Amino acid sequence: MSIHNGDIAAAFDEIADLLSIQGANAFRIRAYRRAAQNIRGLPHEIAEAADPASYEALPGIGADLAAKIAELIRTGRLAALQKLRRQVPPGLRDLLGLPGLGPVRVRALATALKIKNPADLRRALAAGRLAQVRGFGPAVRARLEQALERAPSEALKRMPIAQAAEYAEPLRRFLAAVPGVERAEIVGSYRRGRDTVGDLDVLVCAPPTVDPAAALRGYADLGALNAAGRTKASGVLRNGLQFDLRVVGSESFGAALQYFTGSKEHGIRLRQRARARGMKLSEYGLFRGQRSLAGPSEPDVYATLGLEWIPPELREDRGELEAAERHELPQLLERADLKGDLHVHTRATDGHDSLEDMVAAARAAGLTYVAITDHSKYLGIVRGQDAGRLARQCDAIDALNERLRGFTVLKGAEVDILEDGRLALADTALAQLDVVVIAVHSHFDLPEAKQTARVLRALERPHVTVLAHPSGRLLGEREPYALDFERVLSAAHERPCYLEVNGQPLRLDLDDVHVKAAVEHGVLLSIASDAHSVGQFANLEGGVRQARRGWARKGDVLNTRPIAQLRKLLRATRR
DNA sequence: GCCGTTTTCGGCCCGACTGTTTTCAGTCG
């Protein structure tokens, strides 16, 4: 079994949790957490590095953690972690996630009442035994009772960003329209363009005479307003989405925008930087002593710290501060850069709209070409096309192209990768196409070696141009299948072929980390809507956001090329 | 446990709120 970055990060996170329950030095714990976070964001697999000595060059990894990484990769286990697991009952870690329970209170429960897991806690609460423990007043007990009643999965569930947007934008508009409010922005992971959001962070700019939180009571979609001061409130929308509201004056708006956009790690790095320069950064501004150096404008906050303004999508502490310091931030891809879309369905298979309507919608979306990629015939795919129907669709496309001016329809298919790595359509059928998108739609649970061999074998086929939704994940529904992405990336680079960033709200696949890996390997990306109806070209925006989070520039993306250049790049994949 | 525009030792981000307290620890974002 090979060790992935996620495994290493998970091990370090677990060590951090267990150490915190033991009451270890807080900075030591933080070192483990930072290391885990950094490792998760790496665009390459640590285990693939030739030389274990290189681990120490990674940010936040010193001699000790480098040795632990080496041990984990070599043996698949970590003695230090196993020792901790023997010392700390496993259920205690589950308690850490409950509201109001940090390491100190968890430790108090374990020592005072011998509580070892959530079930113990539930019994102790019911028996009224918690009241005798210091730090567990009536309010804390009530919150715990509530939390234990709720299904834990529900409380932790994150919402896909496209879905969150349907609630975020009306909320933002409502607040922006409150008399006296100067600006309202959705910040947090939403502004950073993460694939999912846990809650909405809303920042409002208003003078002290205005009380936006009070105005929120009149918001139709409000479920409940909890803590509601003038400058800080939190609540929940009717659909269950949590939100936090902060209100600041215009003198602080830029600093607050920075602060509440996060990420946490990015913010910490920024405040460290301020401190090292004798300044102090908070949501109220950047100060030297009492003197304010920056505050109203977010770019000024960065500039005063010697940094270029960093686009929110990059603010994950994955090297953006260093790049900003050297003026080497990438010029990120923008939606307007996209000239076409290479993954689109019609009602010939599982789409809702006709070829003509999809083409018209693509034009309306500002594109100049589109590839029609209906499904190949295969088990489980409704009305998939065989070679005969595909040939007739190609004729229809030829005829349509005759009538079109300034727009090109490319002939394509989304072809299933069978369990053994063969494709669901014969090479002869694929030879007539401009774009061959291949994808896994079945047998998601193969072991990693088999799944990887399957995809690699499919990539060997002569007419393949794009590997679609390479991880197969569906947010909140299906985990990525086990795949050695590093090897797929190398194969794609060598072949060459292109990797898709699927913009469907539940896919967003590749994810940000894999996009960055592809960019660094020089593998071009295809930002695709995977539209199944005329409205779904809007998915392209999600794909662009995801690609930006992976540091993609215009030049890193296949479908920013004008049609003539695109055709050249497509031909380069043929064998 | 990491790391150096103050440092190879001694620091390590910031502020608010909550609840439980008699002045603040713990949690949260």
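Please read these numbers as outputs of a predicted model, since none were measured by experiment. Naming convention: chains lettered A, B, ... in sequence-line order (proteins, then strands); numbering from 1 in each chain. We use all heavy atoms of the structure for the numbers below, so side chains are in, but hydrogens, waters and symmetry mates are not.
In this entry the distance linking CZ of A/R30 with C1' of B/dG11 reads 11 Å, nearest Å. Following rounding to the nearest Å, A/L321 (CG) and B/dC3 (P) show an atom-to-atom distance of 15 Å. With rounding to whole Å, A/E322 atom CD is found 12 Å from B/dC3 atom P. Straight-line distance from the CG atom of A/L130 to the P atom of B/dG19: 15 Å, rounded to whole Å. Between A/L270 atom CG and B/dG15 atom P there is a gap of 14 Å when expressed in whole angstrom units. In this structure, A/L245 atom CG and B/dA16 atom P are separated by 16 Å, rounded to whole Å. Atom OH of A/Y32 and atom P of B/dC2 are 8 Å apart (whole Å). For the pair A/R141 CZ and B/dT18 P, the interatomic distance rounds to 19 Å; values are reported in whole Å.
Residue contacts for A/I61: at a heavy-atom cut-off of 4.0 Å it reaches the sugar-phosphate backbone alone, with no base atom in range. Across all strands, A/I268 comes closer than 4.0 Å to base atoms (heavy-atom distances).
Rounded to whole Å, the P atom of B/dT27 lies 14 Å from the corresponding atom of B/dT21. Comparing B/dG4 with B/dG19, their P atoms are spaced 41 Å from each other, to the whole Å.
Side-chain N/O atoms of A/S189 and A/R194 include no donor and acceptor closer than 3.5 Å. Looking only at atom types and distance, the side chain of A/H266 has a donor-acceptor partner in the side chain of A/E320 under 3.5 Å away. No hydrogens or angles considered: nothing links the side chains of A/R315 and A/S263 as a donor-acceptor pair under 3.5 Å.
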- Mark up nucleotides 4-9 of chain B, 5' to 3', with B wherever a protein heavy atom is under 4.0 angstrom from a base atom, S wherever such an atom reaches only the sugar-phosphate, and - elsewhere. --S---
- Message: For a quick check, with a 4.0 angstrom heavy-atom cut-off, what is the B/S/- contact string for nucleotides 21-29 of chain B, read 5' to 3'?
- Response: -----SSSB
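For the OP1/OP2 pair of B/dA16 and a distance below 4.0 Å, the side-chain nitrogens and oxygens of A/Y284 include at least one atom meeting the criterion.
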